[in-house]
There are 2 protein chains.
Amino acid sequence: MGLPLRRSKVEPPPPCPLTRSLLLLRGAWAPNVIWALSGEARRFGELRHDIPKISARVLSARLRELEIRGLVSRQLLDTSPPSAEYALTELGREMMPAIKALVAVGHKLPEVDARARKPARGASIAGRLAA
Amino acid sequence: MGLPLRRSKVEPPPPCPLTRSLLLLRGAWAPNVIWALSGEARRFGELRHDIPKISARVLSARLRELEIRGLVSRQLLDTSPPSAEYALTELGREMMPAIKALVAVGHKLPEVDARARKPARGASIAGRLAA
DNA sequence: CGGAATCCCCAGTGATACTG
DNA sequence: CAGTATCACTGGGGATTCCG
């Protein structure tokens, strides 16, 4: 799979129906970027400000990926100094209801520490749930 | 390294409304696991068979995490040899419509190579879209 | 059979500096 | 302001092995 150069040695999981849409939400910062764009169009610098701690490198990468995947549009503004404006595409706006449905269910989830992925030795599930 | 400086261990991104639900879909195999459970209850070995190539280690980790997060229930069956049965909880079933909405939008997405995240030098976006 | 412990690798991210 | 180049590090995941 892949462009001529640099194939990944790590074989990806077989795709499931969810795969296509989840590709958009992959990456630690993708959700924040999409959410920040769910309102009105934003410029690069605005996004950096809206999403504290995100690095320019990652923001740039996620925006470019979302653009390639058809969720985000990029418009170079002929201003001085130059600026760029990002917005959700039609497809991007179509996806928002699905996203919001997910958010709604998320609110009903029990609060669990992120470390749930890294089970402490000897700690029982009950213990972690009770904490 | 010198002294035990508690160097920042990859600070997680600030949470956004999506974060909570996306924690469930994190990990390369989580979508497959959830999808495999969306029908009827399955045993550990059945899941390994349903999800080709998944390692026991990862399947176990994802199931445990989903259990902790309240999406999946685990029932130890008192059989011989011992077996375990996994199923979506009430909350898990509540999440399925949201998931399916996401799947529906996914079908409308343009087919883009997974390598979109690793832009090749000099290759234009248009070029990758046309490919 | 269901799962935990160990070892290793690499894709994604952060930090910083630099360019247009 | 809007990105890109380079380096270093981390932890998720694969493979294998061992346990109840």
Side-chain angles (χ1 to χ4, degrees), chain A residues 1-2 6-14 23 25-33 42-49 51-65 67 74-86 114-125, chain B residues 1 5-14 23 25-33 42-49 51-65 67 74-86 114-125:
Chain A
M1 75 181 224
R6 180 198 257 158
R7 1 189 103 202
S8 154
K9 271 190 187 175
V10 183
E11 191 162 334
L23 283 175
L25 300 169
R26 242 173 61 181
W29 293 93
N32 305 68
V33 172
R42 306 292 279 165
R43 292 190 297 112
F44 191 89
E46 290 176 322
L47 288 172
R48 283 188 79 173
H49 180 263
I51 313 174
K53 305 286 181 68
I54 194 173
S55 71
R57 183 193 181 288
V58 171
L59 176 56
S60 176
R62 291 288 75 79
L63 283 171
R64 187 164 304 267
E65 182 182 5
E67 184 187 3
R74 174 175 181 266
Q75 168 116 28
L76 261 177
L77 303 179
D78 193 11
T79 56
S80 175
S83 55
E85 194 165 78
Y86 295 87
R115 275 155 300 182
R117 338 195 93 227
K118 321 198 131 192
R121 324 272 176 173
S124 71
I125 290 181
Chain B
M1 294 289 303
L5 290 179
R6 201 89 55 85
R7 304 211 48 96
S8 53
K9 311 174 170 183
V10 182
E11 190 168 332
L23 283 174
L25 300 169
R26 243 173 61 182
W29 293 92
N32 305 69
V33 172
R42 308 291 280 166
R43 291 192 298 111
F44 191 88
E46 291 176 322
L47 288 172
R48 285 189 78 171
H49 181 263
I51 313 175
K53 305 284 180 67
I54 195 174
S55 70
R57 180 192 180 286
V58 171
L59 176 55
S60 176
R62 289 290 75 77
L63 284 172
R64 186 164 304 267
E65 182 181 5
E67 183 188 3
R74 174 173 180 267
Q75 169 120 25
L76 262 178
L77 304 179
D78 193 11
T79 56
S80 173
S83 56
E85 192 165 79
Y86 294 87
R115 297 172 259 71
R117 346 194 87 228
K118 317 203 135 200
R121 327 272 177 177
S124 71
I125 290 178

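Side chains are part of it too, since the values below use all heavy atoms of this structure and drop only hydrogens, waters and symmetry mates. Chain identifiers are assigned alphabetically (A, B, ...) following the order of the sequence lines, protein sequences preceding nucleic acid strands; residue numbering begins at 1 within each chain. Source: prediction; values computed, not measured.
Regarding contacts with the backbone of D:dT16, every side-chain N or O of B:Ser55 stays at 4.0 angstrom or more from both OP1 and OP2. Note on A:Ser60: a side-chain N or O is less than 4.0 Å away from OP1 or OP2 of D:dT4. Between B:Arg64 and C:dG2 there is no side-chain polar atom (N or O) within less than 4.0 angstrom of OP1 or OP2. For D:dG12, the OP1/OP2 oxygens have no side-chain nitrogen or oxygen of B:Trp29 closer than 4.0 Å.
Proximity of a side-chain donor or acceptor of A:Glu65 to a complementary backbone N or O of A:Arg62 within less than 3.5 Å is not detected. Distance alone, capped at 3.5 Å, is enough to place a donor-acceptor pair between the A:Asn32 side chain and the B:Pro14 backbone.
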Stepwise, does the side-chain contact (heavy atoms from CB on, under 4.5 Å) test hold for B:Val33 with B:Leu59?
CA-CA 8 Å; B:Val33 172; B:Leu59 176 55; 4.0 Å; yes
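Here D:dG3 presents its P atom at 11 Å from CZ of A:Arg48, a figure rounded to the nearest Å. Between the CD atom of B:Glu85 and the C1' atom of C:dC1 there is a distance of 14 Å, given to the nearest Å. Between the CG atom of A:Leu63 and the C1' atom of D:dT4 there is a distance of 14 Å, rounded to whole Å. To the nearest angstrom, C1' of C:dT13 lies 14 Å from CD of A:Glu65. Between the CD atom of B:Gln75 and the C1' atom of C:dG2 there is a distance of 15 Å, given to the nearest Å. Across the protein-nucleic acid pair, A:Leu59 atom CG and C:dA15 atom C1' stand 16 Å apart, rounded to whole Å. Rounded to whole angstrom, the span from the OH atom of A:Tyr86 across to the P atom of D:dC1 amounts to 15 Å. Atom-to-atom, NE2 of B:His49 to C1' of C:dG2 comes out at 17 Å; the value is rounded to the nearest Å.
Among the heavy atoms of the strands lying under 4.0 Å from A:Arg26 are primed sugar atoms or P, OP1, OP2 only; no base atom is included. Among the heavy atoms of the strands lying under 4.0 Å from B:Arg57 is at least one base atom, whether or not backbone atoms are also near. Within 4.0 Å of A:Ala61, counting heavy atoms only, lies no atom of the nucleic acid at all. Using a 4.0 Å heavy-atom distance criterion, A:Arg62 is classed as a sugar-phosphate-only contact.
For the 3.5 Å distance criterion, the side chains of A:Tyr86 and A:Arg42 fail to qualify, holding no donor opposite an acceptor.
In this structure the side chain of A:His49 never reaches within 4.5 angstrom of the side chain of A:Phe44, judged on heavy atoms.
The residue among A:Pro82 and A:Val58 whose nearest nucleotide of DNA chain C is located toward the 5' end is A:Val58. Residue order along DNA chain D, read from the 5' end via each residue's closest nucleotide, puts A:Pro81 first among A:Pro81 and A:Pro13.
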